Engineer: 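The structure follows.
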Amino acid sequence: MNKLKDFLMELGSLSFEEWEMLASMGERLQMKKAQTFLFSMQYTLHEVFLLKGTVRAYLIDETGNDKTTAFYQEGAFVSTHTFRTLNGNSIANYETLEDCELVFFKSTDLKSFFAQSPLLQQLGYTLKELEKKRLARRDETLLPQGNMEKYKKFQEYYPNLEHKISHKYISSYLGMTPVSLSRLRRSIRIADKSVNN
């Protein structure tokens, strides 16, 4: 739970008693790679913090293909209930891309916790603002632009992620084929070699 404590302490101070109360609300779960723990249109009232591993959000289109819409890495909330659901139903599917350790909180418990003091209310507000920033970065990455620009933005926002997960998820997120992504990465390696020689 240290990652959760560190994450929250960076956003604002918590007393020992507040931290103990918050930690007692969470249920820790270990999940293997390639497990979907929340399905689209599934009713849920939980907040999820990722202690370890990587998770992706994805949608299934009308032809049965999946489209990656977000990545979450350890030390952060997997979105917030407000942005993740519509009327309590999950907007997307959420899948582990590595062995993961997650903490599940009841949304109502967290809401009550953050309502206890002005400082805690500010902390809850900051969590929502972080999610807005993540969504803005996603939109910026996916703006109509060339594949190279999209890929560079991806690398900026998700450093080293491409070395940990399958590139098919990255190409899906960027809206290009795996072959196009492979060619793009190869052209960057060739360009880097020529600069360094």
Side-chain angles (χ1 to χ4, degrees), residues 29-50 52-74 76-108 127-188:
L29 290 174
Q30 306 275 345
M31 292 196 168
K32 294 289 186 189
K33 179 180 177 179
Q35 282 189 276
T36 300
F37 60 88
L38 186 55
F39 292 90
S40 174
M41 299 313 296
Q42 177 182 346
Y43 186 74
T44 178
L45 286 173
H46 285 90
E47 304 285 1
V48 184
F49 187 83
L50 188 54
K52 177 186 162 194
T54 306
V55 165
R56 76 173 179 126
Y58 68 98
L59 301 171
I60 304 291
D61 68 19
E62 60 279 354
T63 59
N65 298 312
D66 77 53
K67 165 71 176 159
T68 300
T69 59
F71 295 104
Y72 303 93
Q73 295 179 278
E74 60 187 51
F77 275 93
V78 178
S79 193
T80 62
H81 189 264
T82 307
F83 294 99
R84 198 180 63 244
T85 67
L86 184 62
N87 298 323
N89 294 318
S90 179
I91 295 167
N93 304 282
Y94 291 82
E95 176 189 26
T96 57
L97 297 181
E98 307 176 90
D99 289 351
C100 289
E101 185 174 358
L102 306 108
V103 185
F104 286 77
F105 296 94
K106 286 184 181 174
S107 298
T108 51
L127 286 174
K128 288 185 178 178
E129 287 303 302
L130 283 176
E131 181 60 13
K132 286 180 183 175
K133 283 183 185 175
R134 187 196 66 76
L135 291 170
R137 287 199 318 258
R138 180 197 66 184
D139 292 346
E140 184 184 0
T141 302
L142 302 179
L143 282 171
Q145 55 189 328
N147 285 348
M148 180 67 78
E149 289 79 14
K150 287 182 184 179
Y151 180 63
K152 291 289 186 186
K153 285 287 183 190
F154 170 83
Q155 288 182 310
E156 179 185 340
Y157 294 140
Y158 297 105
N160 299 316
L161 183 58
E162 63 189 305
H163 306 298
K164 297 168 66 178
I165 66 170
S166 170
H167 291 168
K168 70 180 179 181
Y169 301 126
I170 298 170
S171 62
S172 167
Y173 177 77
L174 295 175
M176 62 180 81
T177 66
V179 171
S180 295
L181 178 60
S182 180
R183 285 179 183 151
L184 183 63
R185 295 180 77 245
R186 191 180 312 118
S187 71
I188 291 171

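Keep in mind it's a predicted model, so treat the numbers as computed, not measured.
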Engineer: Using a 3.5 Å distance criterion without hydrogens, assess whether the side chain of Thr36 forms a donor-acceptor pair with backbone atoms of Leu38.
Structural biologist: no
Engineer: At what distance, to the nearest 0.5 angstrom, does NZ of Lys152 lie from CG of Asn147?
Structural biologist: 13.0 Å
Engineer: Show me the side-chain donor-acceptor pairs of residues 95-102 shorter than 3.5 Å, one per line, residues at least two apart or across chains.
Structural biologist:
unit_1 : atom_1 : unit_2 : atom_2 : d
Glu95  : OE1    : Arg56  : NE     : 2.7
Glu95  : OE1    : Arg56  : NH2    : 3.0
Thr96  : OG1    : Lys32  : O      : 2.6
Thr96  : OG1    : Ala34  : N      : 3.1
Thr96  : OG1    : Gln35  : N      : 2.9
Thr96  : OG1    : Gln35  : O      : 3.4
Glu98  : OE2    : Thr54  : N      : 3.1
Glu98  : OE2    : Thr54  : OG1    : 2.5
Asp99  : OD1    : Lys33  : N      : 2.9
Glu101 : OE2    : Arg28  : NE     : 2.9
Glu101 : OE2    : Arg28  : NH2    : 2.5

Engineer: Show, in sequence, the C-alpha distance, side-chain angles and deciding distance for Ser79 and Tyr72, and conclude whether the side-chain contact (heavy atoms from CB on, under 4.5 Å) test is met.
Structural biologist: CA-CA 8 Å; Ser79 193; Tyr72 303 93; 3.5 Å; yes
Engineer: Using a strict threshold of under 4.0 Å (side-chain N to carboxylate O), is an ion pair present between Glu131 and Lys128?
Structural biologist: no
Engineer: Would you say Lys67's side chain and Tyr58's backbone share a donor-acceptor pair under 3.5 angstrom?
Structural biologist: no
Engineer: Go through the structure and list residues passing side chain to side chain contact (heavy atoms under 4.5 Å, CB included) with Thr108, not counting sequence neighbours.
Structural biologist: Lys106
Engineer: Side chain of Asn87, backbone of Asn89: donor and acceptor closer than 3.5 Å?
Structural biologist: no
Engineer: Between Phe77 and Phe105, what is the ring plane arrangement, given parallel below 30°, perpendicular above 60°, and tilted in between?
Structural biologist: tilted
Engineer: Taking Lys132 first and then Glu129, would you say they form a salt bridge - that is, a charged N and a carboxylate O separated by under 4.0 Å?
Structural biologist: yes
Engineer: Distance from Lys164 atom NZ to Gln73 atom CD, nearest 0.5 Å?
Structural biologist: 5.0 Å
Engineer: Quick one: sort the Phe37 and Tyr94 rings into parallel, tilted or perpendicular, breaks at 30° and 60°.
Structural biologist: tilted
Engineer: Are more than 12 heavy atoms, taken from residues, nucleotides or ligands other than Arg183, located less than 6.0 Å from that residue's CZ atom?
Structural biologist: no
Engineer: Whether the Glu162 and Tyr151 side chains hold a donor-acceptor pair (N or O, under 3.5 Å, no angle test) is what I'd like checked.
Structural biologist: yes
Engineer: Between Ile188 and Met148, does a side-chain contact (heavy atoms from CB on, under 4.5 Å) hold up when you go through it step by step?
Structural biologist: CA-CA 9 Å; Ile188 291 171; Met148 180 67 78; 3.7 Å; yes
Engineer: Rounded to the nearest 0.5 Å, how far apart are CE of Met31 and CG of Leu50?
Structural biologist: 11.0 Å
Engineer: Report the distance from atom NZ of Lys133 to atom OH of Tyr157, rounding to the nearest 0.5 Å.
Structural biologist: 11.5 Å
Engineer: Taking Ser172 for its side chain and Thr68 for its backbone only, find out whether a donor-acceptor pair lies under 3.5 Å.
Structural biologist: yes
Engineer: Nearest 0.5 Å please: distance from the CZ atom of Phe71 over to the CZ atom of Arg138.
Structural biologist: 12.0 Å
Engineer: Look up atom OH in Tyr169 and atom CG in Asp66, then write down how far apart they are to the nearest 0.5 Å.
Structural biologist: 7.0 Å
Engineer: Using modelled atom types and a 3.5 Å cut-off, is there a donor and acceptor pairing between side-chain atoms of Glu47 and backbone atoms of Ser107?
Structural biologist: no
